[in-house]
Amino acid sequence: MSRKNIRRQAVPLRRPDTWEVAAAHVTDKYSGYPSNGLTPVRLAEILQEADAGDVLRQMELFEEMEEKDPHLFSQLQTRKNAVTGLDFEVIPFSDEPRDKEIAAFVKEQIDSMEGFEDMANDLLDAIGKGFAVSEILWGYEEGRVVVSQVKSRHQKRFFWDSLDDSFKVRTQAHSEGLLLPANKFIIHKYKARSGHTSRAGILRVVAWMYLFKNYDLKDWVSFAEVYGLPLRLGKYAPGASEADKLALMQALVQIGADAAGIIPDGTTIDFITTEKTSSAGLYERLARYCDEQTSKAILGQTLTSDSGGGSYAQSKTHNDVRHDLTVADCKALASTLRRDLIRPLCLFNFGEDKRIPKIQFDCEEGEDLEQTANILDVLIGKVGLRIPTSYIYKKFSIPEPEAGEEIAAPFSAAGTLPFKREPLPQAIALKAGNVPDAQARIDHLADTAVKRGAGCFQKAFAPILKIVENAESLEELRALMEDSRTVAGLYKAMDVSQVEELLQKVLLYANLEGRALEDGPH
């Protein structure tokens, strides 16, 4: 890409802000831990604060929910990894040379960024929390504006002003809030449902399931602590001293913790077991129910995320729903990157803010390549459909061979024979319903190929014929053929490409003849 073309502008280019606006605070890593002792009343208060624009406690709660609930964490990671694990390409605005030049520059910048996948993962945090913000640190390299670094900023630093609903960030210099400068931040928003961004995150939807599961687990642990071991009942004789009673109590505790203990003479210990299997099952069912509702909210299904039963057809249907969410996530992230990252790059380096290239993730669902190959075989071999080889290369993600590059020789190659098939007297028409002589048809095909391809053979063996014609005797010819340099020169001079192509097409035609015989008359 020409550096002169990049800098060619009729108007002065805009310059980026290179200062760091929302520098990370030491206090960013600390949290108020609003989930400690969380109750329905406190949860409602936190959500109401977010409705008013102050999302600090809501974001701290969402962060704790991911840390404390392994199932919730795994589902969110699955949703994010479905996007970050995909390949992508930068597509020009049009096929014009300048648009291609801009797209190539953008692709070069994205490829040179360290941790692009990490940046995408940070932005996809908006799936759970409603929005995610990263700050772009601009720099210069060889006269060009480049992305030096992209830093993620914690959501609790941002809020909506209650007066005009403007989006602001708290900084050390602006504790009351600062409007975000243009072309400086990547703001990715996720709309799980209609409404204000502060209420759009998926974690807002599952917050109540988290609360109910949290209560359930606390009671389940208490239940396991009480009923996991048999009740130890100590009995002391009438008139026992306080020392005897204390010794008996210590013995009960030791037996529970160490499975050993001593008791005073004249006292007894009884072990009373209880069966509470129905209660234990109730706790587990409630926890699983909460997990299933969380999976539905995040992945759109439960069969591929939980160990419950379900048919293969049901699982496949649920995977399709999950794929729809992945496509939506890819499109939303691509739109954000085009608006907040690619557009400023084009603006600062080209002065262009309209004809912006776009980024596209390869989120198409994987096909059965073997089935696709069989379909192409039928369409080409039997139907005779003309299919561009470029389509086949792209379909199977196979790079097209470059000029002079060594290629793998196929058994047969699709195409049309360079000759017309001559009538075959020995063959019996298929329409008559009889079985033709297959060997005779193949022999006739080979003879026809030799006749029609005489020029190919003559060109290929021309160097050998020349040596034979110039040799004065058989001894001289034998000496020449035994000379390694002469043989090496012959191999180099012989052009057998047309002969190889002819043989490949003959093999293909013979293959089709055989298939036609196997299928019977039509």
Side-chain angles (χ1 to χ4, degrees), residues 66 72-94 99 102-104 106-134 136 147 150 152 155 185-194 197 200-206 295-301 304-305 315-346 355-369 394-397:
E66 288 188 68
L72 175 60
F73 171 80
S74 68
Q75 299 301 276
L76 285 173
Q77 285 299 107
T78 300
R79 180 80 177 265
K80 295 177 186 178
N81 292 341
V83 178
T84 58
L86 296 175
D87 295 328
F88 65 89
E89 59 179 333
V90 177
I91 301 177
F93 183 82
S94 71
D99 291 334
I102 294 175
V106 171
K107 182 67 164 62
E108 175 187 345
Q109 287 301 302
I110 293 178
D111 290 342
S112 63
M113 290 175 56
E114 294 185 4
F116 178 80
E117 291 78 10
D118 293 338
M119 179 196 73
N121 187 73
D122 291 334
L123 293 175
L124 289 171
D125 199 38
I127 295 174
K129 300 174 183 176
F131 71 95
V133 183
S134 293
I136 306 174
V147 179
V150 177
S152 176
Q155 288 95 333
F185 290 88
I186 304 176
I187 306 173
H188 183 51
K189 299 179 181 180
Y190 178 78
K191 300 281 286 185
R193 60 187 184 87
S194 300
T197 305
I202 288 181
L203 290 177
R204 174 105 177 192
V205 178
V206 303
S295 297
K296 290 178 183 178
I298 299 176
L299 300 182
Q301 49 81 23
T304 60
S305 58
S315 297
K316 190 176 187 305
T317 301
H318 285 298
N319 273 327
D320 291 339
V321 176
R322 175 176 166 180
H323 178 253
D324 290 343
L325 293 177
T326 301
V327 172
D329 291 340
C330 289
K331 290 182 178 180
L333 181 61
S335 177
T336 296
L337 292 175
R338 185 173 189 257
R339 182 194 66 227
D340 294 341
L341 179 64
I342 298 178
R343 181 183 175 277
L345 269 175
C346 297
R355 306 173 67 84
I356 309 301
K358 64 179 181 179
I359 188 171
Q360 179 173 302
F361 290 90
D362 183 14
C363 55
E364 292 186 6
E365 200 164 18
E367 299 182 42
D368 186 344
L369 296 182
K394 184 177 181 180
K395 196 69 174 176
F396 291 88
S397 301

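Taking CD1 from I342 and CD1 from I356, the interatomic distance works out to 8.5 Å, rounded to the nearest 0.5 Å. Between the OG1 atom in T336 and the CG atom in L123 there is a gap of 7.5 Å [rounded to 0.5 Å]. Between C346 atom SG and D99 atom CG the span is 9.5 Å, to the nearest 0.5 Å.
In this structure, D122 and A132 approach most closely via the heavy-atom pair O-CB, 3.5 Å. Between C363 and C330, the closest heavy-atom pair is CB-SG, 3.7 Å. Nearest heavy-atom pair across I127 and Y190 is O-CD2, 3.6 Å. The minimum heavy-atom distance linking I359 with A334 is given by the pair O-CB, 3.2 Å. Taking both residues in full, the closest heavy atoms of A126 and H188 are given as CB-O, 3.3 Å, listed atom of the first, atom of the second, then distance.
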Ignoring hydrogens and angles, write down the donor-acceptor pairs under 3.5 Å from the side chains of residues 83-91, residues two or more places apart or on other chains.
| residue | atom | partner | partner atom | Å |
| --- | --- | --- | --- | --- |
| T84 | OG1 | K80 | O | 3.4 |

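E66 places a side-chain heavy atom less than 4.5 Å from the side chain of D125. Between D111 and F116, every side-chain heavy-atom pair lies at or beyond the 4.5 Å cut-off. Looking at F93 and I102, their side chains never come closer than 4.5 Å, going by heavy atoms from C-beta outward. In this structure, the side chains of L72 and L203 come closer than 4.5 Å at one or more pairs of heavy atoms. Between F361 and T326 the shortest side-chain heavy-atom distance does not fall below 4.5 Å. Taking 4.5 Å as the limit, some side-chain heavy atom of R79 sits within range of a side-chain heavy atom of L299. Contact check for D340 versus I136: no side-chain heavy atoms found under the 4.5 Å cut-off. For the pair L337 and M119, the minimum side-chain heavy-atom distance is below 4.5 Å.
Taking a 6.0 Å sphere around NZ of K191, one finds it holds more than 12 heavy atoms contributed by other residues, nucleotides or ligands.
The closest donor-acceptor contact from the side chain of S335 to the backbone of K331 lies at 3.5 Å or more, if one exists at all. Not a single donor-acceptor pair under 3.5 Å links the side chain of R355 to the backbone N or O of P92.
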